[in-house]
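Letters A, B, ... are given to chains in the order of the sequence lines, protein chains preceding strands, and every chain is numbered from 1. No experiment lies behind these values; they were computed from the predicted model shown.
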Amino acid sequence: MKRSHTCGELTPADKGKQITLNGWVHRIRDHGGIHFINLRDRYGITQVVVDETAPQTLKDLAASLKFEYCIAVRGTVRPRPESMVNPDMPTGSIEIEAKEIEVLSACETLPFMVDERSEAREELRLKYRFLDLRSFAMQQNIRLRHEVSFAAREYLVSKGFYEIETPTLIRSTPEGARDFLVPSRIKAGSFYALPQSPQLFKQILMVSGFDRYFQLAHCYRDEDARGDRQPEHTQIDMEMSFVSKEDVFEVVEGMLSHVFKKTLNIEIPTPFQRIPFDTAMDLYGSDKPDLRFGLAFRDISQLAEKSDFNVFKSVVGDGGVIKALKVSKGAAFSRKQIDELEKAAKTYGAKGLAWMKVTDSGLDGGIARFFENITDTLISTMEAEPGDLLLFVADKWKTACTSLGAVRSKLGEDLELGRSNEYRFCWVIDFPLFEEDEETGGWAAAHHMFTMPQQQYLDTMEKDPGAVKGDLYDLVCNGMEIASGSIRIHDPEIQKRIFNIVGFDEEEARRRFGFLLDAFQYGPPPHGGIAPGLDRLVMIMAGEKTIRDVIPFPKNTIGASPMDDSPSLVDEDQLKELHLQVIEESDESEGQDSQQQE
RNA sequence: GGGGGCGUAGCGAAGAUGGUUAUCGCGCCGGCCUGUCAAGCCGGAGAUCGCGGGUUCAAUCCCCGUCGCUCCCGCCA
């Protein structure tokens, strides 16, 4: 019995039609003489009725149905009597009077119920992913993901982009994250790597004249997972020739506007706000600030020097800063709540979180007594009112900013300052090109080594690498980095200077990126690009808290997939073909390893 | 590598200063029921309280260890 309709489309206008539906038994209500079956497919749910007039064989069959049986139903569409219409159901004003039911396949007792949203623990949901994906919430998420992908493609193609594939077995370029390696059978002892991104290939496509490229690219990074990242993810990867960063912004803003309009019917205002990295850190303590709420920091370093608080004074004396945050009405916070906030600050390296409360008569509690001589100045600097809570972190600039930023994020979460259906985008720009490598004490590329330094630093780049800003940019939405990109270097001379600063000699550069450098000898165009993360974008749009809820078959936090039980051991023969031998870890060898590392 | 949380029936949870038979909802099995839509009512089965060790007359509860999952720091150009 092949379906004539889906479970989401029948209306009173179909009254009297003989139809056939296929789907899964979502709910059964057996009243003895009358059976109701909610039949579900991905389009919706339709109520099927087997009533007292049905032949006994049909009644018996209806009574034997269980959750998630896959069945076919032939019957007649009939409007429900007025009093029995279900207004909560799109198909709630009709039902199917069953004439025949066929069980297409039975279903075992379920490990968990297929509901709107499964409440089973994630481990179990992942093991029975095929069932979890039947839930309404997951069906919605996967549908949204499809629609976002489609709308992105639609927009980019309309703007003249070609979708071009790049290989997933590539050379390992041991930069950045740890590579996943794939052993070569033919070339003993050699390995491919899975791409962390199509970076080098898309740049080469620009050299080849493809002008505007995009790809929904799978990227692989062998690093520890989090709620918003896992070993493999999908990027809407793109690259353009003859562009400035403004051109890249325009494409991405246009694409996201199109995507939001087409999928959620939401207008997102463009252009997006731009915030320099330094400002983002200074005001919000993060390079991915959540702008759905304020809570901007103030710097009271100079003011603190006039206080009696030696802790602050010595930090400022050592070149540190005092960052302050005003929480309106925060004076009502309990000591425990403040302790929780301090814990958040400490995870990012702060030594503590100082606080005081603003009262009708001045300042009170915490470190208030050290500020008695400058109470009014502090209150006016903070624009504070009685009932507010003031929070302070004193440390090196970066630590002070990031740890108070953690406090800000926690406040945003705890006080539910960010509405889930609001989308606040911003471009974070003017990132430092280099950062200090704590292991070697030298300089390392903050993004990657092919990022163009901003014009004004070209003359002084070697003298003060730490001051150099790059032409690189992140797109941030609601406190999450959802895209990262840059204008690339196409001038071999500048490229050489960058390699030099990060301590790459010519030979090493050739060994790692020779093919790209070769390509750049043959008339490379100026180019730049960006790569929005599809998973994070869909996660935000779906209002989910983890990337795993918008990935059909995700890995768990240790990179395993409970459904197919990967990663798994392989046969000796497979290893032999690949010239591999597994070394059992023992306490001894671990000891040796750690000695070697030190 | 480090820190926090969790682990009790198929699922989700509760629980006891350590003490006879470990509780509730869903699901499962059986019965009743003609209009429900999270149907309802009656009855039943189902748990070595993650695993190992210790303390104790007695441990699911306390202690130590271990495993698994999860959140976070590190890591993630």
Nearest to side-chain heavy atoms of A:Ala177, which nucleotide of B:A39, B:G35, B:C76:
B:C76
Residue A:Arg548, side-chain atoms from C-beta onward, closest of B:C28, B:A39, B:C71
B:C71
Counterpart residues, side chain to side chain contact (heavy atoms under 4.5 Å, CB included), relative to A:Pro111 (two or more places apart):
A:Tyr128, A:Leu131
Listed by chain and number, what are the side chain to side chain contact (heavy atoms under 4.5 Å, CB included) partners of A:Ala560, not counting sequence neighbours?
A:Asn556, A:Ile558, A:Pro567
Write out all pairs satisfying side-chain hydrogen bond (donor to acceptor under 3.5 Å, both in side chains) with one or both partners inside residues 81-94 of chain A, taking only residues at least two apart or from two chains.
none
Applying a 3.5 Å limit to both distances, which nucleotide forms a Watson-Crick or G-U wobble pair with B:C51?
B:G65
Contacting residues from residues 218-230 of chain A, given that a heavy atom lies under 4.0 angstrom of RNA chain B
A:Arg221, A:Glu223, A:Asp224, A:Arg226, A:Gly227, A:Arg229
Among residues 33-42 of chain A, which residues get a heavy atom nearer than 4.0 Å to RNA chain B?
A:Gly33, A:Ile34, A:Phe36, A:Asn38
Does this structure show an ion pair linking A:Glu239 with A:Arg488, if we count only N-O contacts that are shorter than 4.0 Å?
yes
With the six-membered base ring of B:G35 as reference, does the ring of A:His31 sit under 5.5 Å away with planes under 30° apart?
no
So, does A:Arg29 get its side chain near the phosphate of B:U36, meaning an N or O under 4.0 Å from OP1 or OP2?
no
Does B:G3 have OP1 or OP2 sitting under 4.0 Å from an N or O in the side chain of A:Lys343?
no
Check the side chains of [Y] and [X] for a donor-acceptor pair under 3.5 angstrom, ignoring hydrogens and angles.
X	Y	value
A:Asp290	A:Tyr284	no
A:Asp565	A:Ser568	no
A:Thr166	A:Gln215	yes

Listed pairs under 3.5 Å, donor-acceptor, residues 343-352 of chain A side chains, sequence neighbours left out:
| residue | atom | partner | partner atom | Å |
| --- | --- | --- | --- | --- |
| A:Thr347 | OG1 | A:Ala344 | O | 2.6 |
| A:Lys351 | NZ | A:Asp395 | OD2 | 3.1 |

Letter by letter from the 5' end, nucleotides 5-11 of chain B scores (B base, S sugar-phosphate only, - none; protein heavy atoms under 4.0 Å) -----SS
Using a 4.0 Å heavy-atom cut-off, write out nucleotides 40-51 of chain B from 5' to 3' as B (base contacted by protein), S (sugar-phosphate only) or - (no contact).
------------
Please evaluate residues A:Lys336 and A:Asp339 with respect to the criterion salt bridge (charged side-chain N to carboxylate O under 4.0 Å, His left out), reporting the C-alpha separation (whole Å), side-chain torsions for both, the decisive distance (0.1 Å), and the verdict.
CA-CA 5 Å; A:Lys336 193 180 164 193; A:Asp339 285 348; over 6 Å; no
Could you work out, with salt bridge (charged side-chain N to carboxylate O under 4.0 Å, His left out) as the rule, every residue matching [X], not counting sequence neighbours?
X	result
A:Lys410	A:Asp414
A:Lys288	none
A:Asp491	none

Between A:Arg78 and A:Met449, name the one whose nearest nucleotide on RNA chain B is closer to the 5' end.
A:Arg78
Look at all strands and tell whether A:Glu52 reaches a base, only sugar-phosphate, or nothing, counting heavy atoms closer than 4.0 Å.
base
Donor-acceptor pairs under 3.5 angstrom involving side-chain atoms of residues 50-62 of chain A: please list them, not counting sequence neighbours.
| residue | atom | partner | partner atom | Å |
| --- | --- | --- | --- | --- |
| A:Asp51 | OD1 | A:Thr53 | N | 3.1 |
| A:Asp51 | OD1 | A:Thr53 | OG1 | 2.6 |
| A:Gln56 | NE2 | A:Asp60 | OD1 | 3.0 |
| A:Lys59 | NZ | A:Glu52 | O | 3.1 |

